[in-house]
Amino acid sequence: MTTSFRAPYRALREPGVLRQDLLASLVVFLVALPLCVGVAVASGVPAELGLVTGIVGGLVVGLLPGSALQVSGPAAGLTVLVFEAVREFGLGMLGAIVLLTGVLQIGLGLLKCGRWFRAISVSVVQGMLAGIGLVLILGQLYSMTGADQPLSGTAKFTGLPGLVADTITSPVALTAAAVGLGTIAVLVVWPKLPAAVRVVPAPLAAVALATVAGLVLPLRLENVTVKGLFHAIQPPGASDLANLGSLAVLGTVLAFTLIASAESLFSAAAVDRMHDGPRTHYDKELVAQGVGNTVCGVLGALPMTAVIVRSSANVQAGARTPLSRVVHGGWLLLFAVLLPAALGVIPLAALAGVLIHAGFKLLPVKDLVPLVRAHRGEALVLATTAIAIVVTNMFEGVLIGLALAIVKVAWETSHVHVHVRELTGGRMIVTLTGNATFLRLPRILETLEALPQDRPIELDLTTVHHLDHACRTTLENWATRHNDADTEAVRMRTAAAKPAPEPEPEVGAPPG
């Protein structure tokens, strides 16, 4: 066990690795800081709780085996679901929900289910992220101008014309919108600036510039509310834990578990492609995420996932061992304890701009056109999942996407061919090949019911690879009732019993 724990840190013995990892931890800290605060504010919880989740992601999950270089913390992908949960069940229940989510993730990891999350259709995951991105963008457009968000995704969309009209006529809202749009502009332009400038992470630079503008210029902006780290931590009470038996709460827990686990493990697969170090052990990573969420639940904080933005920043900064992600959690803890008042000068409009930009990055814009050209079915699953999340909610949208993906696979794998031959004696042979399932019954029956009812017919099923119960029962019923009373009943040949009738020449075949 000790050897396994020390293995990822062996690279620290090499010259310069320790220094590189410490520098990488600072980069990750600077990327994580505005995102932790922004995700918390967008989720409708105190800003400090986002820092708590980031700290746990570094100091707890960072020490556990699984993925060596990916970094965990509060994710924009869960913002919408957390906001809905807090609105429906209250802030006190959030800790209990996250706690049970962590316990389920630990159980799934110990049962070695981590690898099975990789079997989830990529289109469903991309659709899930796209749906989250759309709802996040729509919601933060209201937050950026200081307006109240409508409750449903549809209402957020239909309310946009009114939001624009209200913003134009309100100097305060117009100022906030300008700050938010300016933040987005900095985030878009920053990667194109010289490398010396890009040493400062884009989210930090954008928020810092907006904060300076709010302090220097006579702008009327609403800032982040700060109450202190320890004041924000509220562990779930006994009544909150007792309410976990509610069906609605359990549905939210399942949604948290599915989305957090899938996002973390897909992030791990993406991070593995970025470096040449140790590969991710998916079951251990799922356990590590579960431990992190359990701790976050006990502290009443936000749920966590592995976050691709922080993880890619960690790899690009040259991290070689898990030390960088652990130390980044230490930097977050020091900031939260020593400089919590610094959060109180950050404009909410700037954080909304950061999250709108993050929401756009969740949309698979570059992948959509090639996907439509190559795999229209997958594109349909992606689009349906995204739209369903906007129209309904996260959990129902993902279930709709999964159901559609399963139906698509079933449809594509149930290819069946119906071949009709007429022999010289008038007998007709109908041969089915492929996979005969209930999905193909309309096509099969269309051919069979068009056959004459006054001819001997033989239905040959010996070359069918798969024949499901519904299809077999329907074919048996058709064979019983198809022919006239004075005509020989339809005969069925299956792989279990293959009679050996004498071959009869087909119509038009040469004799002998």
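Scope of the values below: all heavy atoms of this structure, side chains included, with no hydrogens, waters or symmetry mates.
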Shortest non-hydrogen contact from [X] toward [Y]:
X	Y	answer
Leu302	Ala40	CD1-CA, 3.7 Å
Leu49	Ala232	CD2-O, 3.5 Å
Pro347	Thr211	CD-OG1, 3.5 Å
Ala260	Ser264	O-OG, 2.8 Å
Phe83	Gly44	CD1-N, 4.1 Å
Ser72	Ala306	OG-CA, 3.8 Å

Enclosure of [X] [atom1] (heavy-atom neighbours >12, cutoff 6.0 Å):
X	atom1	result
Phe438	CZ	no
Lys361	NZ	no
His415	NE2	yes
Glu476	CD	yes
Asp148	CG	no

Considering only heavy atoms from C-beta outward, does the side chain of [X] approach that of [Y] to under 4.5 Å?
X	Y	value
Val61	Val291	no
His328	Val27	no
Val39	Thr53	no
Leu221	Val172	no
Leu250	Leu254	no
Arg325	Leu69	no
Gln70	Glu285	yes
Leu351	Ile346	yes

query: Yes or no on side-chain contact (heavy atoms from CB on, under 4.5 Å) for Val354 and His357, after CA distance, side-chain angles and deciding distance?
result: CA-CA 5 Å; Val354 170; His357 183 261; 5.8 Å; no
Measuring from [X]:[atom1] to [Y]:[atom2], what's the distance to the nearest 0.5 Å?
X	Y	atom1	atom2	answer
Ile97	Phe256	CD1	CZ	6.0 Å
Leu404	Ile400	CG	CD1	9.5 Å
Leu160	Leu138	CG	CG	6.0 Å
Ser123	Leu402	OG	CG	11.5 Å
Thr392	Leu399	OG1	CG	9.0 Å
Cys296	Ile233	SG	CD1	10.0 Å

- prompt: Passes side-chain contact (heavy atoms from CB on, under 4.5 Å), Ser43 versus Val86? Steps please.
  reply: CA-CA 8 Å; Ser43 300; Val86 172; over 6 Å; no
When you measure from the side chain of [X] to the backbone N and O of [Y], does any donor-acceptor pair fall under 3.5 Å?
X	Y	answer
His375	Glu378	no
Ser67	Thr280	no
Ser170	Asp166	no
Thr305	Glu263	no
Thr145	Tyr142	yes
Asn435	His465	no
Asp240	Gly95	no

field: Side chains of Ser261 and Gln289, donor plus acceptor under 3.5 Å
entry: no
task: Just jot down the salt bridge (Lys or Arg N to Asp or Glu O under 4.0 Å) partners of Lys156, sequence neighbours excluded, or say none.
output: none
query: So Ser324 and Asn314, side-chain hydrogen bond (donor to acceptor under 3.5 Å, both in side chains) or not? Walk me through it.
result: CA-CA 7 Å; Ser324 59; Asn314 189 38; 2.8 Å; yes
- prompt: Gln105 pairs by side chain to side chain donor-acceptor pair (under 3.5 Å) with which of Thr294, Asn293, Thr257?
  reply: Asn293
message: Run Val37 and Val207 through side-chain contact (heavy atoms from CB on, under 4.5 Å) and show every step you take.
response: CA-CA 11 Å; Val37 177; Val207 172; over 6 Å; no
query: Are Leu99 and Leu241 close enough, and set up right, to give a side-chain contact (heavy atoms from CB on, under 4.5 Å), and what steps lead you there?
result: CA-CA 9 Å; Leu99 173 61; Leu241 297 174; 3.9 Å; yes
